[in-house]
Amino acid sequence: MVERGRPVGRREFLRATAGVGAALALPALAGCGNDGDALTFFFQANPAEADGRRRVIDEFARSHPDIRVRTVLSGPDPMQQMSTFCAGGKCPDVLMAWEQTYAGLAERGVLLDLNIMLDRDPAFAAELEAEGIASLYDTFAFEGGQYALPEQWSGNFLFYNRTLFDEAGLRPPARWEDAWSFAEFRDTSSALTERDRSGEIAQWGFVDTWVPYYSAGLFAINNGAEWASPRTAPERSAFSGDAFAEGVQFYADLANRYHVAPTPADQQSISAMDLFTQGRAALALGGHWRYRTFSDADDLDFDVTALPSGSAIRGAQSNIGTTGLAISAGSRHKEQAWEFLKFAAGPAGQALIAETGLFVPVLESAVRSAGFAEAHSDIGNLDILIEGPAHSAPLPVTAEWARIDALMDRYIGPVLRGATPATSLANRLAPEADEVLRNR
(Lines give C-alpha, C1' and ligand atoms only; values in the text may rest on other atoms or scores of the structure.)
Protein backbone atom coordinates (compact mmCIF):
# COMPACT_ATOMS: atom_id res chain seq x y z
CA MET A 1 0.00 0.00 0.00
CA VAL A 2 1.22 3.53 -0.74
CA GLU A 3 2.51 5.39 2.31
CA ARG A 4 0.07 8.11 3.35
CA GLY A 5 1.14 11.60 2.34
CA ARG A 6 3.98 10.41 0.07
CA PRO A 7 3.82 11.78 -3.50
CA VAL A 8 2.91 9.08 -5.99
CA GLY A 9 4.66 8.48 -9.29
CA ARG A 10 3.08 8.51 -12.72
CA ARG A 11 3.23 4.75 -13.33
CA GLU A 12 1.98 3.94 -9.82
CA PHE A 13 -0.88 6.41 -10.10
CA LEU A 14 -1.98 5.25 -13.54
CA ARG A 15 -1.94 1.65 -12.37
CA ALA A 16 -4.07 2.58 -9.34
CA THR A 17 -6.54 4.52 -11.46
CA ALA A 18 -6.82 2.13 -14.37
CA GLY A 19 -10.08 2.56 -16.21
CA VAL A 20 -10.51 6.22 -15.38
CA GLY A 21 -10.28 7.16 -19.04
CA ALA A 22 -8.63 9.65 -21.31
CA ALA A 23 -7.92 13.22 -20.30
CA LEU A 24 -10.41 15.96 -20.94
CA ALA A 25 -9.41 19.34 -22.24
CA LEU A 26 -8.50 21.64 -19.37
CA PRO A 27 -10.87 24.57 -18.89
CA ALA A 28 -9.10 27.18 -16.75
CA LEU A 29 -10.12 30.46 -15.23
CA ALA A 30 -7.61 33.22 -14.79
CA GLY A 31 -6.81 33.61 -11.11
CA CYS A 32 -4.90 36.26 -9.31
CA GLY A 33 -1.76 35.30 -11.16
CA ASN A 34 -0.65 33.00 -13.96
CA ASP A 35 3.02 32.36 -13.14
CA GLY A 36 4.43 29.08 -11.95
CA ASP A 37 4.57 30.24 -8.33
CA ALA A 38 0.80 30.73 -8.07
CA LEU A 39 -1.24 28.45 -5.86
CA THR A 40 -3.47 26.29 -8.08
CA PHE A 41 -7.01 25.52 -6.93
CA PHE A 42 -8.98 22.79 -8.72
CA PHE A 43 -12.75 22.65 -8.27
CA GLN A 44 -16.01 21.82 -10.03
CA ALA A 45 -18.81 24.39 -10.15
CA ASN A 46 -21.69 25.67 -12.21
CA PRO A 47 -21.50 29.38 -13.18
CA ALA A 48 -23.30 30.60 -10.05
CA GLU A 49 -21.08 28.48 -7.80
CA ALA A 50 -17.99 29.67 -9.65
CA ASP A 51 -19.02 33.25 -8.86
CA GLY A 52 -19.30 32.34 -5.19
CA ARG A 53 -15.88 30.73 -5.27
CA ARG A 54 -14.50 33.84 -6.89
CA ARG A 55 -15.77 35.94 -4.02
CA VAL A 56 -13.97 33.74 -1.49
CA ILE A 57 -10.78 33.80 -3.57
CA ASP A 58 -10.93 37.58 -3.97
CA GLU A 59 -11.33 38.09 -0.23
CA PHE A 60 -8.47 35.69 0.42
CA ALA A 61 -6.29 37.65 -1.99
CA ARG A 62 -7.08 40.88 -0.17
CA SER A 63 -6.06 39.43 3.17
CA HIS A 64 -3.10 37.47 1.75
CA PRO A 65 -1.60 39.70 -0.97
CA ASP A 66 1.58 37.63 -1.03
CA ILE A 67 -0.25 34.46 -2.15
CA ARG A 68 -1.47 34.36 -5.75
CA VAL A 69 -4.22 31.91 -6.68
CA ARG A 70 -4.86 30.42 -10.10
CA THR A 71 -8.15 28.58 -10.46
CA VAL A 72 -8.65 25.44 -12.53
CA LEU A 73 -12.30 24.74 -13.24
CA SER A 74 -13.16 21.08 -13.72
CA GLY A 75 -14.99 19.61 -16.66
CA PRO A 76 -17.80 17.06 -16.23
CA ASP A 77 -15.50 14.36 -14.79
CA PRO A 78 -13.27 15.85 -12.06
CA MET A 79 -11.83 12.48 -10.98
CA GLN A 80 -10.66 11.87 -14.53
CA GLN A 81 -8.96 15.22 -14.68
CA MET A 82 -7.34 14.92 -11.27
CA SER A 83 -5.97 11.50 -12.16
CA THR A 84 -4.46 12.86 -15.34
CA PHE A 85 -2.94 15.93 -13.68
CA CYS A 86 -1.46 14.02 -10.76
CA ALA A 87 -0.17 11.16 -12.89
CA GLY A 88 1.65 13.72 -15.00
CA GLY A 89 3.24 15.40 -12.00
CA LYS A 90 1.02 18.49 -12.27
CA CYS A 91 -1.37 17.89 -9.41
CA PRO A 92 -3.08 21.14 -8.34
CA ASP A 93 -2.06 22.40 -4.91
CA VAL A 94 -5.62 22.57 -3.54
CA LEU A 95 -8.25 20.09 -4.69
CA MET A 96 -11.96 19.87 -4.16
CA ALA A 97 -12.76 16.55 -2.44
CA TRP A 98 -16.00 14.54 -2.56
CA GLU A 99 -17.07 12.45 0.40
CA GLN A 100 -17.34 9.13 -1.43
CA THR A 101 -14.37 9.35 -3.78
CA TYR A 102 -11.56 11.00 -1.80
CA ALA A 103 -10.60 7.75 -0.01
CA GLY A 104 -9.17 6.28 -3.21
CA LEU A 105 -6.93 9.32 -3.63
CA ALA A 106 -5.91 9.21 0.03
CA GLU A 107 -5.03 5.52 -0.18
CA ARG A 108 -2.87 6.16 -3.24
CA GLY A 109 -0.88 8.88 -1.49
CA VAL A 110 -2.24 11.73 -3.61
CA LEU A 111 -3.64 13.75 -0.68
CA LEU A 112 -1.77 15.24 2.25
CA ASP A 113 -2.76 14.13 5.74
CA LEU A 114 -3.95 17.44 7.19
CA ASN A 115 -3.26 16.27 10.73
CA ILE A 116 0.30 17.39 9.99
CA MET A 117 -0.92 20.95 9.52
CA LEU A 118 -3.51 20.84 12.30
CA ASP A 119 -0.91 19.67 14.81
CA ARG A 120 1.19 22.71 13.93
CA ASP A 121 -1.80 25.04 14.22
CA PRO A 122 -3.52 24.18 17.52
CA ALA A 123 -5.46 27.45 17.72
CA PHE A 124 -7.16 26.83 14.37
CA ALA A 125 -7.70 23.15 15.23
CA ALA A 126 -9.44 24.20 18.45
CA GLU A 127 -11.60 26.65 16.53
CA LEU A 128 -12.75 23.93 14.15
CA GLU A 129 -13.48 21.58 17.03
CA ALA A 130 -15.54 24.22 18.82
CA GLU A 131 -17.54 25.39 15.81
CA GLY A 132 -17.43 22.49 13.38
CA ILE A 133 -19.96 19.72 12.85
CA ALA A 134 -18.12 16.57 13.87
CA SER A 135 -19.92 14.22 11.50
CA LEU A 136 -18.78 16.24 8.49
CA TYR A 137 -15.14 16.31 9.60
CA ASP A 138 -15.26 12.59 10.37
CA THR A 139 -16.37 11.98 6.79
CA PHE A 140 -12.91 13.02 5.59
CA ALA A 141 -11.07 10.96 8.22
CA PHE A 142 -9.67 7.80 6.66
CA GLU A 143 -7.39 5.19 8.22
CA GLY A 144 -6.01 7.58 10.80
CA GLY A 145 -5.59 10.61 8.53
CA GLN A 146 -7.64 13.76 7.96
CA TYR A 147 -7.56 14.29 4.20
CA ALA A 148 -9.85 17.28 3.71
CA LEU A 149 -11.63 20.02 5.61
CA PRO A 150 -15.37 20.17 4.84
CA GLU A 151 -16.65 23.35 3.22
CA GLN A 152 -20.35 22.61 2.68
CA TRP A 153 -23.17 20.26 3.61
CA SER A 154 -24.91 18.91 0.53
CA GLY A 155 -27.23 16.26 1.91
CA ASN A 156 -30.67 15.64 0.45
CA PHE A 157 -34.11 16.78 1.56
CA LEU A 158 -37.42 17.63 -0.13
CA PHE A 159 -38.32 20.81 -1.96
CA TYR A 160 -42.06 21.42 -2.15
CA ASN A 161 -44.28 23.70 -4.22
CA ARG A 162 -46.02 25.98 -1.71
CA THR A 163 -48.76 26.95 -4.13
CA LEU A 164 -49.77 23.34 -4.83
CA PHE A 165 -49.70 22.46 -1.14
CA ASP A 166 -51.79 25.49 -0.20
CA GLU A 167 -54.36 24.69 -2.89
CA ALA A 168 -54.63 21.14 -1.54
CA GLY A 169 -54.86 22.36 2.06
CA LEU A 170 -51.75 20.38 3.05
CA ARG A 171 -48.93 21.40 5.36
CA PRO A 172 -45.57 19.59 5.26
CA PRO A 173 -43.31 19.04 8.29
CA ALA A 174 -41.07 21.96 9.26
CA ARG A 175 -38.47 19.92 11.15
CA TRP A 176 -36.67 16.62 10.72
CA GLU A 177 -38.13 15.32 13.99
CA ASP A 178 -41.66 15.77 12.64
CA ALA A 179 -41.18 13.90 9.35
CA TRP A 180 -43.99 12.15 7.52
CA SER A 181 -44.21 8.40 7.89
CA PHE A 182 -43.82 6.43 4.67
CA ALA A 183 -47.60 5.96 4.57
CA GLU A 184 -48.24 9.68 5.13
CA PHE A 185 -45.75 10.57 2.41
CA ARG A 186 -47.42 8.15 -0.02
CA ASP A 187 -50.87 9.55 0.77
CA THR A 188 -49.66 13.15 0.45
CA SER A 189 -47.99 12.41 -2.89
CA SER A 190 -51.16 10.68 -4.06
CA ALA A 191 -53.33 13.65 -3.09
CA LEU A 192 -51.05 15.93 -5.11
CA THR A 193 -50.97 13.74 -8.23
CA GLU A 194 -53.48 14.86 -10.85
CA ARG A 195 -54.58 13.46 -14.21
CA ASP A 196 -56.01 15.28 -17.20
CA ARG A 197 -59.20 14.32 -19.00
CA SER A 198 -57.39 11.74 -21.10
CA GLY A 199 -56.10 9.99 -18.00
CA GLU A 200 -52.51 11.17 -18.44
CA ILE A 201 -50.76 12.50 -15.38
CA ALA A 202 -50.59 16.29 -15.55
CA GLN A 203 -49.11 16.84 -12.11
CA TRP A 204 -46.84 14.44 -10.22
CA GLY A 205 -46.82 14.15 -6.47
CA PHE A 206 -43.09 13.40 -6.26
CA VAL A 207 -40.01 13.57 -8.49
CA ASP A 208 -36.37 12.79 -7.83
CA THR A 209 -33.53 15.06 -9.00
CA TRP A 210 -30.73 12.99 -7.42
CA VAL A 211 -29.34 9.58 -8.44
CA PRO A 212 -32.30 7.16 -8.24
CA TYR A 213 -30.45 4.14 -6.83
CA TYR A 214 -28.84 6.39 -4.20
CA SER A 215 -32.25 7.88 -3.39
CA ALA A 216 -33.67 4.38 -2.97
CA GLY A 217 -30.82 3.65 -0.59
CA LEU A 218 -31.59 6.85 1.29
CA PHE A 219 -35.18 5.67 1.77
CA ALA A 220 -33.67 2.45 3.13
CA ILE A 221 -31.60 4.48 5.61
CA ASN A 222 -34.85 6.13 6.68
CA ASN A 223 -36.21 2.65 7.28
CA GLY A 224 -33.45 1.93 9.79
CA ALA A 225 -30.93 0.35 7.40
CA GLU A 226 -27.23 0.97 6.83
CA TRP A 227 -25.26 0.53 3.62
CA ALA A 228 -22.11 -0.98 5.13
CA SER A 229 -20.32 -1.68 8.40
CA PRO A 230 -18.22 -0.16 9.79
CA ARG A 231 -18.74 3.21 8.11
CA THR A 232 -15.06 3.86 7.27
CA ALA A 233 -13.14 1.14 5.39
CA PRO A 234 -16.12 -1.23 5.78
CA GLU A 235 -15.57 -4.96 5.81
CA ARG A 236 -19.09 -5.95 4.76
CA SER A 237 -22.17 -4.43 3.21
CA ALA A 238 -25.58 -4.22 4.88
CA PHE A 239 -27.55 -4.69 1.66
CA SER A 240 -28.97 -8.07 2.72
CA GLY A 241 -31.12 -6.74 5.58
CA ASP A 242 -34.90 -6.63 5.52
CA ALA A 243 -34.92 -2.92 6.39
CA PHE A 244 -32.79 -2.12 3.34
CA ALA A 245 -35.02 -4.14 0.99
CA GLU A 246 -38.22 -2.66 2.43
CA GLY A 247 -36.96 0.92 2.05
CA VAL A 248 -35.83 0.37 -1.54
CA GLN A 249 -39.10 -1.36 -2.39
CA PHE A 250 -41.16 1.51 -0.99
CA TYR A 251 -39.21 3.99 -3.11
CA ALA A 252 -39.71 1.82 -6.23
CA ASP A 253 -43.41 1.40 -5.48
CA LEU A 254 -43.95 5.18 -5.54
CA ALA A 255 -43.62 4.96 -9.33
CA ASN A 256 -44.53 1.39 -10.20
CA ARG A 257 -47.37 0.65 -7.76
CA TYR A 258 -48.76 3.93 -6.46
CA HIS A 259 -48.11 5.95 -9.64
CA VAL A 260 -47.26 9.17 -7.79
CA ALA A 261 -43.80 9.49 -9.36
CA PRO A 262 -42.46 9.05 -12.91
CA THR A 263 -41.16 5.58 -13.72
CA PRO A 264 -37.64 5.14 -15.11
CA ALA A 265 -39.27 4.78 -18.55
CA ASP A 266 -41.14 8.07 -18.05
CA GLN A 267 -37.90 9.78 -17.10
CA GLN A 268 -36.42 9.05 -20.50
CA SER A 269 -38.59 11.88 -21.86
CA ILE A 270 -39.42 13.90 -18.73
CA SER A 271 -36.91 15.97 -16.79
CA ALA A 272 -37.56 15.93 -13.06
CA MET A 273 -36.01 19.40 -12.82
CA ASP A 274 -38.35 20.76 -15.49
CA LEU A 275 -41.39 19.17 -13.88
CA PHE A 276 -40.69 20.90 -10.58
CA THR A 277 -39.61 24.27 -11.96
CA GLN A 278 -42.70 24.37 -14.22
CA GLY A 279 -45.07 23.62 -11.34
CA ARG A 280 -45.92 20.13 -12.61
CA ALA A 281 -44.59 18.30 -9.54
CA ALA A 282 -45.38 19.01 -5.89
CA LEU A 283 -42.30 17.49 -4.24
CA ALA A 284 -38.73 17.08 -5.46
CA LEU A 285 -35.90 15.21 -3.75
CA GLY A 286 -32.58 17.00 -4.06
CA GLY A 287 -29.89 18.93 -2.22
CA HIS A 288 -29.03 22.57 -1.75
CA TRP A 289 -27.22 22.55 -5.09
CA ARG A 290 -30.71 22.78 -6.65
CA TYR A 291 -31.64 25.88 -4.65
CA ARG A 292 -30.35 28.52 -7.07
CA THR A 293 -32.02 26.86 -10.09
CA PHE A 294 -35.36 26.73 -8.30
CA SER A 295 -34.95 30.30 -7.04
CA ASP A 296 -34.38 31.53 -10.57
CA ALA A 297 -37.45 29.74 -11.97
CA ASP A 298 -40.35 31.97 -12.97
CA ASP A 299 -43.49 31.76 -10.84
CA LEU A 300 -42.16 28.99 -8.58
CA ASP A 301 -42.96 29.47 -4.91
CA PHE A 302 -41.17 26.74 -2.97
CA ASP A 303 -39.96 25.77 0.47
CA VAL A 304 -38.17 22.75 1.96
CA THR A 305 -39.19 19.87 4.17
CA ALA A 306 -37.82 16.62 5.57
CA LEU A 307 -37.66 13.25 3.90
CA PRO A 308 -40.15 10.64 5.15
CA SER A 309 -39.23 7.87 7.56
CA GLY A 310 -40.26 4.29 8.18
CA SER A 311 -41.53 2.90 11.46
CA ALA A 312 -38.07 1.72 12.57
CA ILE A 313 -36.74 5.21 13.32
CA ARG A 314 -38.05 8.37 14.92
CA GLY A 315 -37.82 11.42 12.69
CA ALA A 316 -35.99 11.36 9.37
CA GLN A 317 -32.43 11.57 8.18
CA SER A 318 -30.60 13.05 5.25
CA ASN A 319 -27.27 11.71 4.04
CA ILE A 320 -23.94 13.21 5.02
CA GLY A 321 -23.31 14.76 1.65
CA THR A 322 -20.32 17.09 1.77
CA THR A 323 -17.45 18.42 -0.25
CA GLY A 324 -14.15 19.50 1.22
CA LEU A 325 -10.80 21.03 0.39
CA ALA A 326 -7.65 18.93 0.27
CA ILE A 327 -3.95 19.60 -0.35
CA SER A 328 -1.87 17.62 -2.81
CA ALA A 329 0.82 15.57 -1.09
CA GLY A 330 3.23 16.63 -3.83
CA SER A 331 2.45 20.35 -3.63
CA ARG A 332 5.40 22.76 -3.56
CA HIS A 333 3.16 25.29 -1.82
CA LYS A 334 1.85 23.40 1.19
CA GLU A 335 2.09 26.33 3.60
CA GLN A 336 0.27 28.67 1.21
CA ALA A 337 -2.30 25.97 0.50
CA TRP A 338 -2.88 25.57 4.21
CA GLU A 339 -3.50 29.29 4.59
CA PHE A 340 -6.09 29.05 1.80
CA LEU A 341 -7.82 26.07 3.47
CA LYS A 342 -7.88 27.91 6.79
CA PHE A 343 -9.54 30.88 5.13
CA ALA A 344 -12.06 28.99 2.98
CA ALA A 345 -13.04 26.38 5.57
CA GLY A 346 -12.64 28.70 8.56
CA PRO A 347 -14.87 31.47 9.94
CA ALA A 348 -13.99 34.12 7.33
CA GLY A 349 -14.65 31.98 4.26
CA GLN A 350 -17.65 30.25 5.79
CA ALA A 351 -19.27 33.60 6.54
CA LEU A 352 -18.86 34.56 2.89
CA ILE A 353 -20.31 31.22 1.77
CA ALA A 354 -23.30 31.81 4.06
CA GLU A 355 -23.95 35.24 2.54
CA THR A 356 -23.85 33.97 -1.04
CA GLY A 357 -26.61 31.42 -0.37
CA LEU A 358 -24.84 28.99 -2.70
CA PHE A 359 -23.87 26.42 -0.07
CA VAL A 360 -24.90 25.31 3.39
CA PRO A 361 -21.79 26.18 5.46
CA VAL A 362 -20.27 23.76 7.96
CA LEU A 363 -19.49 26.06 10.89
CA GLU A 364 -22.25 26.74 13.43
CA SER A 365 -21.55 30.48 13.45
CA ALA A 366 -22.01 30.63 9.67
CA VAL A 367 -25.04 28.39 9.21
CA ARG A 368 -26.88 30.17 12.05
CA SER A 369 -25.80 33.63 10.90
CA ALA A 370 -28.00 36.50 9.82
CA GLY A 371 -26.23 36.38 6.45
CA PHE A 372 -27.33 32.79 5.81
CA ALA A 373 -30.91 33.55 6.86
CA GLU A 374 -31.02 36.64 4.65
CA ALA A 375 -29.69 34.68 1.67
CA HIS A 376 -32.60 32.25 2.20
CA SER A 377 -35.29 34.76 3.07
CA ASP A 378 -37.80 32.90 0.89
CA ILE A 379 -37.40 29.71 2.94
CA GLY A 380 -39.82 29.31 5.84
CA ASN A 381 -38.54 25.96 7.08
CA LEU A 382 -34.94 27.09 7.45
CA ASP A 383 -34.31 24.55 10.22
CA ILE A 384 -34.36 21.82 7.56
CA LEU A 385 -31.09 23.32 6.26
CA ILE A 386 -29.62 24.45 9.58
CA GLU A 387 -30.28 21.11 11.29
CA GLY A 388 -29.61 19.00 8.21
CA PRO A 389 -26.04 17.95 9.11
CA ALA A 390 -27.12 16.90 12.60
CA HIS A 391 -29.85 14.73 11.06
CA SER A 392 -27.67 13.05 8.46
CA ALA A 393 -26.68 9.41 8.28
CA PRO A 394 -23.15 8.48 7.18
CA LEU A 395 -22.53 6.76 3.88
CA PRO A 396 -19.58 4.37 3.44
CA VAL A 397 -16.07 5.74 3.04
CA THR A 398 -13.97 3.25 1.09
CA ALA A 399 -11.35 3.28 -1.63
CA GLU A 400 -13.54 0.71 -3.42
CA TRP A 401 -16.54 3.01 -3.72
CA ALA A 402 -16.53 3.11 -7.53
CA ARG A 403 -17.03 -0.67 -7.62
CA ILE A 404 -19.77 -0.58 -4.97
CA ASP A 405 -21.48 2.22 -6.89
CA ALA A 406 -21.47 0.14 -10.08
CA LEU A 407 -22.99 -2.82 -8.24
CA MET A 408 -25.75 -0.66 -6.74
CA ASP A 409 -26.60 0.65 -10.19
CA ARG A 410 -26.61 -2.85 -11.66
CA TYR A 411 -28.83 -4.50 -9.06
CA ILE A 412 -31.04 -1.72 -7.71
CA GLY A 413 -31.83 -0.50 -11.23
CA PRO A 414 -34.05 -3.52 -12.10
CA VAL A 415 -35.92 -3.07 -8.81
CA LEU A 416 -36.67 0.56 -9.70
CA ARG A 417 -37.92 -0.56 -13.13
CA GLY A 418 -40.25 -3.06 -11.49
CA ALA A 419 -38.46 -5.99 -13.12
CA THR A 420 -37.45 -7.69 -9.86
CA PRO A 421 -38.37 -7.29 -6.16
CA ALA A 422 -36.05 -5.64 -3.67
CA THR A 423 -35.76 -8.93 -1.78
CA SER A 424 -33.47 -10.05 -4.63
CA LEU A 425 -30.77 -7.66 -3.37
CA ALA A 426 -29.89 -10.02 -0.51
CA ASN A 427 -28.77 -12.71 -2.96
CA ARG A 428 -27.37 -10.47 -5.70
CA LEU A 429 -26.09 -7.08 -4.55
CA ALA A 430 -25.05 -8.06 -1.02
CA PRO A 431 -22.71 -11.01 -1.76
CA GLU A 432 -20.93 -9.22 -4.60
CA ALA A 433 -20.48 -6.06 -2.53
CA ASP A 434 -19.18 -8.14 0.37
CA GLU A 435 -16.62 -9.77 -1.89
CA VAL A 436 -15.36 -6.36 -3.08
CA LEU A 437 -15.00 -5.11 0.49
CA ARG A 438 -13.32 -8.30 1.74
CA ASN A 439 -10.75 -8.33 -1.03
CA ARG A 440 -9.80 -4.64 -1.00
Ignoring hydrogens and geometry beyond distance, is a side-chain donor-acceptor pair present between [X] and [Y] at under 3.5 Å?
{"X": "D378", "Y": "Y291", "value": "yes"}
{"X": "D266", "Y": "W204", "value": "no"}
{"X": "D434", "Y": "S237", "value": "yes"}
{"X": "R231", "Y": "T139", "value": "yes"}
{"X": "E151", "Y": "T323", "value": "yes"}
{"X": "N156", "Y": "S318", "value": "no"}

If you define the side chain from C-beta out and look only at heavy atoms, does anything of [X] sit under 4.5 Å from [Y]?
{"X": "F340", "Y": "I67", "value": "no"}
{"X": "V56", "Y": "T356", "value": "no"}
{"X": "L363", "Y": "P347", "value": "yes"}
{"X": "F219", "Y": "P308", "value": "yes"}
{"X": "T71", "Y": "R53", "value": "no"}
{"X": "W98", "Y": "W401", "value": "no"}
{"X": "L352", "Y": "F343", "value": "yes"}
{"X": "F250", "Y": "N222", "value": "no"}

Side chain of [X], backbone of [Y]: donor and acceptor closer than 3.5 Å?
{"X": "Q203", "Y": "L192", "answer": "yes"}
{"X": "T322", "Y": "Q152", "answer": "yes"}
{"X": "T305", "Y": "P173", "answer": "yes"}
{"X": "S74", "Y": "F43", "answer": "no"}
{"X": "D303", "Y": "G380", "answer": "yes"}
{"X": "E387", "Y": "R175", "answer": "no"}
{"X": "H288", "Y": "L358", "answer": "yes"}
{"X": "N381", "Y": "I384", "answer": "no"}
{"X": "E355", "Y": "F372", "answer": "no"}
{"X": "Q146", "Y": "A148", "answer": "yes"}

Nearest 0.5 Å please: distance from the [atom1] atom of [X] over to the [atom2] atom of [Y].
{"X": "Y160", "Y": "F276", "atom1": "OH", "atom2": "CZ", "result": "10.0 Å"}
{"X": "L395", "Y": "N319", "atom1": "CG", "atom2": "CG", "result": "5.0 Å"}
{"X": "Q336", "Y": "T40", "atom1": "CD", "atom2": "OG1", "result": "11.0 Å"}
{"X": "R162", "Y": "L170", "atom1": "CZ", "atom2": "CG", "result": "15.0 Å"}
{"X": "S331", "Y": "L95", "atom1": "OG", "atom2": "CG", "result": "9.0 Å"}
{"X": "R368", "Y": "E131", "atom1": "CZ", "atom2": "CD", "result": "11.5 Å"}

Looking at every heavy atom in both [X] and [Y], which two are closest together, and how far apart are they?
{"X": "A326", "Y": "L111", "answer": "CB-CD2, 4.0 Å"}
{"X": "F294", "Y": "L300", "answer": "O-CD2, 3.7 Å"}
{"X": "K334", "Y": "M117", "answer": "O-CE, 3.9 Å"}
{"X": "F239", "Y": "W227", "answer": "CE2-O, 3.6 Å"}
{"X": "A216", "Y": "V248", "answer": "O-CG2, 3.7 Å"}
{"X": "W289", "Y": "G155", "answer": "CZ3-O, 4.4 Å"}

Count the heavy atoms belonging to other residues, nucleotides or ligands that lie under 6.0 Å from [atom1] of [X], then report whether that count exceeds 12.
{"X": "E184", "atom1": "CD", "value": "yes"}
{"X": "D66", "atom1": "CG", "value": "yes"}
{"X": "E374", "atom1": "CD", "value": "no"}

Run D58 and R55 through side-chain contact (heavy atoms from CB on, under 4.5 Å) and show every step you take. CA-CA 5 Å; D58 288 346; R55 183 174 174 185; 5.8 Å; no

Contacts of S215 meeting side chain to side chain donor-acceptor pair (under 3.5 Å) (sequence neighbours excluded), chain-then-number -> D208

A cation-pi test, strictly: NZ or CZ of R290 under 6.0 Å from the centre of the six-membered ring of F159 and no more than 45 degrees from its axis. Yes or no? no

Cationic N near anionic O, under 4.0 Å, E127 to K342: no

For the residue pair W176 and H391, categorise the inter-ring angle as parallel (less than 30°), tilted (30 to 60°) or perpendicular (more than 60°). parallel

Once you measure the plane-to-plane angle for W180 and F185, does it fall in the parallel (<30°), tilted (30-60°) or perpendicular (>60°) bin? tilted

Under the criterion side-chain contact (heavy atoms from CB on, under 4.5 Å), I'd like the reasoning laid out for F165 against L283: C-alpha separation, chi angles, the key distance, then a yes or no. CA-CA 9 Å; F165 268 76; L283 288 155; 3.9 Å; yes

Set out, in order, the CA-CA distance, both residues' side-chain angles and the distance that settles side-chain contact (heavy atoms from CB on, under 4.5 Å) for Y137 and V362, then state yes or no. CA-CA 9 Å; Y137 287 86; V362 299; 4.2 Å; yes

Between L218 and W210, does a side-chain contact (heavy atoms from CB on, under 4.5 Å) hold up when you go through it step by step? CA-CA 11 Å; L218 184 52; W210 197 33; 4.2 Å; yes

